[in-house]
Structures are given as structure tokens and as C-alpha cells.
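What follows is a short report on a single structure.
The residues of the chain are indexed from 1 along the displayed sequence. Since we're looking at a predicted model, the values are computed, not measured.
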Amino acid sequence: MRSDHLLKVDLLYVGAHPDDESGVTATFAREVLDGGAKAGIVLITRGEGGGNAIGRELGPSLGILREAEIRRSAAEYGVDLVYFLDKTDFFYTLSDKATYDVWGHEDTLGRIVRLVRLLRPDVIVTMWPGPGTHGHHQAAARLATEAFSAAADPGRFPEQIGDEFLRTWQPAKLYYNTRREGSISIPSGDISPSRFLSYAEIKSLALRNFRSQGFDRRATLPPASARAESFLLVKTLVPPSPDGLKTLLGGLEGPRDPGIVLGPPPSSEPLTIGMAPRSDIVRYRRWAEEHQVSWVAGLLPAALSIGSGMTGTLEIEVASRTPEGAAGRVRLDLPDGWTDVPLEADFEVSGQDRTTVPFTVDVPDHVAQGSYPVRLTADTSGRILEEGGVIDVLPVLDLAVAEGPMRIDGDLADWEGIGTHAITSGHIWSGSVPGGDDDCSAVFRAAYDRSNLYVAVDVRDDAVVCNIAPDDVKGHWRSDAVEICVDPSGRSDNTLTVFKAGIFPGTTAGREPRAARDADARQGVIEKTAPGMRVASRFTDYGYVIETAIPWSDMPGGAAPPAGETIGFNLVIYDGDETDAGPGANIGKARLAWSYRPSAQALPYYYGRAVIR
């Protein structure tokens, strides 16, 4: 058999870690087992940075375990070609920038291009590339998108052609595995004629192999549901398949046309307005424009974070698409009760250029945390343009000055007079707390002096579980724990410049607390990564108390912020109620937080605000 016949595939999945392909498993089973297709999987890492629900292996050893899991899983649906790019799987981040800093953009892209040229897939499937998801997933999807075109360009990675004798290759279609608007759904509840099982059952059999990630706990047999898998076609050289054709491989027989454009037609408006987005969305939109998937990027709204009772600057961006330019007036309509009159200002923009108009936004102190829509309007020569945006209002606290060094002993008597802040069961952002506040909730206090940040947390929990061994202090989300997140600058884009520590109230050895930093620039037990940090716990009739002193010298910046500054701060409560759980088992049931947006622990711009008084 010739080498190019041995490796040729119809379908190629590109992801970041083993189990990322779980969203396409039933569809790949359909195409491979019963459609006669050949498929391959490319993963950028071996998943060695993840948790381990079945053993103590970590780092490279965990990566070897997870490689075995993915190979066993893929074999269930007929896939025997699984490749790894050997990039590092590091901590959980929602930052594309941090991911590229570790992986290296060009080297990783070159490795994917090599495999596309070798495997010559007709269809590439990858993840959703936009902000708000795991940074590794964002990068994997963006790199796969770039490889779709780069593999066909002899000017990209020419050494593969000259030195390795590879040929360029142009896939026909690129799909994102997502349920966003415009996607097709491929059912999983019908029966595979070759296996006499539903595709959902084949999927569960495959995913149960990911035991180190706890998939065997939720990939049940029979499956709890037969959920359809969804795919958004974002690039194609063949006409899109009819809506009723539920296959990724349809239409490949026709002629290739590189001029096919998907998505809505580009706007014909000579002038556009919009809210200037956060830096991660700015990077994403620039990338999407460069790689001709701007219509996908447009599905993400722009947003601005401002603390309740605080002031922020919202910028309206006005862009001219014609040589003439324009002038007019823009208006910002805020939510009811925020201001008596709309905010207005004049603008002037040159032809084929853009300008920004800043508005100072005062959020009233009675506004609760949440997302609030705003309306942007531009009037130029009687022509009216409208667009929307979002202001994310965050909770705010005054960081009290400690009256002398606080005793870290689990007794909160010396906290008297320092204001409390509630984390109710309604502050949930993941999972469920069916028992309300008695099931899980907390009250906390925070104070500081020039040496330390002090935090005291009184947790109400109807079933306190301490199933973490003293020599397994990591992954605080696996059990009952408290996480403290501090951004001393108040301006961090990702967690590489913040301090994050998870604290267990006890371990399998007894009621002594243990803590470890996680997903910041210094990970591991605090004895090594934050040697000045002190932690105490006390168990109560209704839950437990955590008390800690964190030296400013152990945080980014190395010194207490000056009075008047505002820092980022968040406190997350993790709850798991399985009192008979084995040591190290992941029993995470619910996650609550003071600033309780999804993944708020990983996005510093969602941290609450603490004002240094």
C-alpha cells in the first residue's frame, strides 16, 4: 500500500486535549462505522495539565494515561489514527494570548499543516474559536481554521514541501462543533445497522473510557439522552448541502469553487457604529477578519465591566466604509434609572477610517450585579444607525483597614465591626443547590494592612466532605473548598498576572486546612508558592469557617496597593455532597461566587471590585 493511501482520511478532527472530540463522537461513529468513511483525530496536547479522578498520576504520566484513554475511546467508533502535537497542556485559562505565549503560534500551526498535508482530509471539524471558552480550545480552533487554507499554500511552511516531500492540500469544508445560529443538527438516537446500538449508545461506550476525567460518571448506559450533535459550516469549496441532508460529507463530488462565501453578505452601510469591545474580543474579531470568518465573530456582543456605584468609560466606535467620510452625532441610551438624559456627542470620521467617541458612564450604587443592555445610535445627515451593547455590572466592596494584625485561628471574634458580604445559593454559576442556602451559601469579610490581605469565609454546607489526601492538594473544584482570586492591578487580561488559591477545610487525615495556588503564574501548594500565606479552618454545626492572611509580597506586584486604588477580587465556593466519596474523587456538584458569572474565576474582568480605603 502506498503511503498516501495508508494515511488518507475523509474527516479530521482538531482539538486541544483528549476528550475534546466528545461533541462529534456520535457523528463520527455514523460516518465511519456505517458510512464507510475514514477519520483521524489531531490533538495539540495530551491533556497532562488536567485533573485525575482515578489515580495520582500527574504531568507527563497523566498525559500517557490520557493518550491510552483516547485511543480506546476512538477505537469504539472505528478511528485508529490519533496524533498529538506534543504541546504543553498547562493550567485552565480562558485567554488565547496566554495559550499562544506557551505553545507558539507558528510552530503549532506548522505541525497541524503537516498533518493536513499528510492526511489530506476532505472535511475538517474543530471547536468554537471565540472568547468565553477554554483558551486552549480557542487556539486549537483558530489554528485549525488557519491550517484549512495554509495547507494549500506552497508559501506556508515550504520546508515541508522541499525537505519532507509533502504536497499541498486543500480540504473542501470546515465545520465548527457548535450549536450557534445556522448550525445543522445530526441526530444520535437512531440505530447503527452495523452495531445494533444507537449512536448515542456508541458515544457513551466511547466516552466512558475517559475515566481520569470522570466521564464514566455521566456517560451512562443507557444514555440519559440522545442529544443531537451540531455543526456550523464556516468555510467550503463545494455548495452547502441541502438543509435536510444530515451529513458532514455531503456534496464532495462536485467541482471545487474557492469563491463560495458563507454567512450573511457584508454590510453595504457606508457607516457603521458599535461598542468598542474588550481586548479578547478585539483580538478575535481581527483574527476573524483576517481569515474570512467575520460573520462568525459577529455573533459575539461587545461588553464592558463596571462596578456597581462606580464609573467607567464606554467607547462608541464609528467606521466609514466609503472614501467620503462622515460627520454627525452619536447617542448612548443607558438602562432606565441610570441617568435622566441620554448621553450625546458629535463625531467626525475620515473616509475609509474609524474613530471612537468616549462616554463616561456612572452606574448607580443601587444597581445589582448582572448584564444590562445599552443602545447606541448615530445620526448623520438624517440617516439613523442603531446598535446594541452590554454593560456587565460587578459587585463592589470597601476593603476595610485591619486594626492590627489579624489572628488566623478560625475564630472570627476579631472580625467584629468589619462588614459582611453574602454569597447566597442564588449566586450559583455552575451545577445546582437543591437545598437552597442551607445546602450551600456563605458570608465573608475582607480587610487589609500594608503586609497582608485578610479574608474570612463562613460557609453554610449541609454535608462537608473532606476526601482530598494531604499529599494530593490540588484541583480544589473536586470537593468542598473555597477559592480566593485577587488581581492587584485591577486590569489583568488573564490569570497569569493574578493570585488564585484554593483552600480545603480539611483532608482525609483530619480537620487541618490545606491550600494550593492554581491557574496563575505560580502553581502548587502554598508552602512552595506562597510561603507567607497562613490558613486556618474551623468546623461548625452548619458547615465550616476558612480564615487566611495572604501577604501582598506573595502576589503579583509584590506590595500593597495604595489607598484609593481598586483591585479585582472574587471568592468562589465549591460544593460536593457525596459523603462516601473515595479519596481524590471529583464530587463537584455546584459552584457559587461573590461575582457569579460563568467561569468568573478564570476571567479577571469578571472579578468583583475591592476599593482600598
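- Across every non-hydrogen atom of D480 and V465, the tightest pair is OD2-N, 2.6 Å.
- In terms of heavy-atom proximity, A515 sits nearest to V535 at CB-CG2, 4.2 Å.
- To the nearest 0.5 Å, the span separating CD1 on I423 from CG on L592 amounts to 7.5 Å.
- In this structure, D89 CG and I44 CD1 are separated by 10.5 Å, a value rounded to the nearest 0.5 Å.
- In this structure, M127 and N177 have side chains that are not in contact, with every pair of non-hydrogen atoms separated by 4.5 Å or more.
- At least one donor-acceptor pair under 3.5 Å links the side chain of T548 to the backbone N or O of R534.
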Test side chain to side chain contact (heavy atoms under 4.5 Å, CB included) on W103 and L109 and set out the steps.
CA-CA 10 Å; W103 288 355; L109 176 60; over 6 Å; no
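- Both tests do not hold together for R514 against F504: distance to the six-membered ring centre under 6.0 Å, angle to the ring axis within 45°.
- Crowding of R179 atom CZ: a count of heavy atoms from other residues, nucleotides or ligands under 6.0 Å exceeding 12.
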Donor-acceptor list for residues 567-574 side chains, cut-off 3.5 Å, not counting sequence neighbours:
unit_1	atom_1	unit_2	atom_2	d
N570	OD1	S595	N	2.9
N570	ND2	S595	O	3.1
Y574	OH	E483	OE1	2.6

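- Residues S371 and D392 have side chains that bring a donor and an acceptor to within less than 3.5 angstrom of each other.
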Between N586 and R217, is a side chain to side chain contact (heavy atoms under 4.5 Å, CB included) present by the stated rule, with each step listed?
CA-CA 10 Å; N586 185 343; R217 295 164 62 89; 5.7 Å; no
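- Under the salt bridge (Lys or Arg N to Asp or Glu O under 4.0 Å) rule, D575 has a single partner from R460, R591, K589, which is K589.
- In this structure, E403 places its CD atom where only 12 or fewer heavy-atom neighbours from other residues, nucleotides or ligands lie under 6.0 Å away.
- Here the CG-OH distance, from D458 to Y544, works out to 10.5 Å after rounding to the nearest 0.5 Å.
- Between T566 and M310, the closest heavy-atom pair is OG1-CE, 3.6 Å.
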side-chain hydrogen bond (donor to acceptor under 3.5 Å, both in side chains) between Y92 and D518: does it pass, once the steps are laid out?
CA-CA 9 Å; Y92 178 72; D518 176 81; over 6 Å; no
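- Between the side chains of H105 and E146, at least one donor N or O lies within less than 3.5 Å of an accepting N or O.
- No side-chain N or O of N494 forms a donor-acceptor pair with one of T93 less than 3.5 Å apart.
- In this model, no donor atom of one side chain and acceptor atom of the other lie less than 3.5 Å apart for S212 and N52.
- E547 places no side-chain N or O within 3.5 Å of a backbone atom of I408 that could act as its donor or acceptor partner.
- One side chain, S305 or R278, offers a donor N or O that lies under 3.5 Å from an acceptor on the other.
- Under a 3.5 Å cut-off, the side chain of W594 and the backbone N or O of Y607 do not form any donor-acceptor pair.
- Distance OG/S279 to OH/Y605: 7.5 Å, rounded to 0.5 Å.
- Interatomic distance, E229 CD to K203 NZ, rounded to the nearest 0.5 Å: 3.5 Å.
- Put simply, the side chain of M533 reaches to within 4.5 Å of the side chain of P551, judged on heavy atoms.
- In this structure, the side chains of P598 and Y606 stay at 4.5 Å or more apart for every pair of heavy atoms.
- Within 6.0 Å of the CZ atom in R286, the count of heavy atoms belonging to other residues, nucleotides or ligands does not exceed 12.
- In terms of modelled atom types and a separation under 3.5 Å, the side chain of E565 and the main chain of I612 share no donor-acceptor contact.
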Would D107 and K87 count as a salt bridge (charged side-chain N to carboxylate O under 4.0 Å, His left out) here? Give the steps.
CA-CA 10 Å; D107 183 70; K87 291 297 181 177; 2.5 Å; yes
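- Y284 contributes no side-chain N or O that, together with a main-chain N or O of D96, makes up a donor-acceptor pair within less than 3.5 Å.
- A salt bridge links R66 with D19: at least one charged nitrogen is closer than 4.0 Å to a carboxylate oxygen.
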Please assess V459 against V464 for the test side chain to side chain contact (heavy atoms under 4.5 Å, CB included), listing each intermediate value before the final yes or no.
CA-CA 10 Å; V459 179; V464 181; over 6 Å; no
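- Taking each heavy atom of A456 and W415 in turn, the nearest pair found is CB-CE2, 3.5 Å.
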Please assess D437 against S425 for the test side-chain hydrogen bond (donor to acceptor under 3.5 Å, both in side chains), listing each intermediate value before the final yes or no.
CA-CA 5 Å; D437 285 356; S425 57; 2.7 Å; yes
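- The CZ atom of F215 sits 11.5 Å away from atom OG of S204, with the distance rounded to the nearest 0.5 Å.
- In summary, the side chains of Q601 and W477 do not present any donor paired with an acceptor at a separation below 3.5 Å, with no hydrogens or angles considered.
- No cation-pi contact links R208 to F210, judged by a cut-off of 6.0 Å to the six-membered ring centre and 45° from its axis.
- A donor-acceptor pair under 3.5 Å links the side-chain atoms of N467 to the main chain of G582, judged by distance alone.
- For the pair F91/T495, a side-chain contact is recorded, criterion being any heavy-atom separation below 4.5 Å from C-beta on.
- A donor atom on one side chain and an acceptor atom on the other are found under 3.5 Å apart for T145 and Y176.
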Given salt bridge (charged side-chain N to carboxylate O under 4.0 Å, His left out), test R71 with E67 step by step and report yes or no.
CA-CA 6 Å; R71 294 193 186 281; E67 177 178 349; 3.0 Å; yes
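- In this structure, T508 and P583 approach most closely via the heavy-atom pair CG2-CB, 4.5 Å.
- Note on D216 versus R211: salt bridge recorded, some NZ/NE/NH1/NH2 to OD/OE distance being below 4.0 Å.
- The aromatic rings of H134 and H136 sit tilted relative to each other, their planes meeting at an angle between 30° and 60°.
- No donor-acceptor distance shorter than 3.5 angstrom exists from the side chain of R46 to the backbone of G63, with no hydrogens or angles considered.
- Across D487 and S492, no two heavy atoms sit closer than the pair OD1-OG, 2.7 Å.
- Checked by atom type and distance alone, the side chain of E48 never pairs as donor or acceptor with a backbone atom of I64 at under 3.5 Å.
- Of the possible polar contacts, one joining the R491 side chain to the S489 backbone as a donor-acceptor pair under 3.5 Å is found.
- When atom types are taken as modelled, the side chain of T133 and the backbone of P129 share no donor-acceptor pair closer than 3.5 angstrom.
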Any chance you could lay out the salt bridge (charged side-chain N to carboxylate O under 4.0 Å, His left out) test for K97 and D493, step after step, and finish with the verdict?
CA-CA 9 Å; K97 182 178 183 302; D493 182 62; over 6 Å; no
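- Checked against side-chain hydrogen bond (donor to acceptor under 3.5 Å, both in side chains), R180 has the following partners two or more places apart in sequence or in another chain: T178.
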Check the pair R613 / D398 against salt bridge (charged side-chain N to carboxylate O under 4.0 Å, His left out), numbers first and verdict last.
CA-CA 7 Å; R613 296 302 185 190; D398 288 338; 2.9 Å; yes
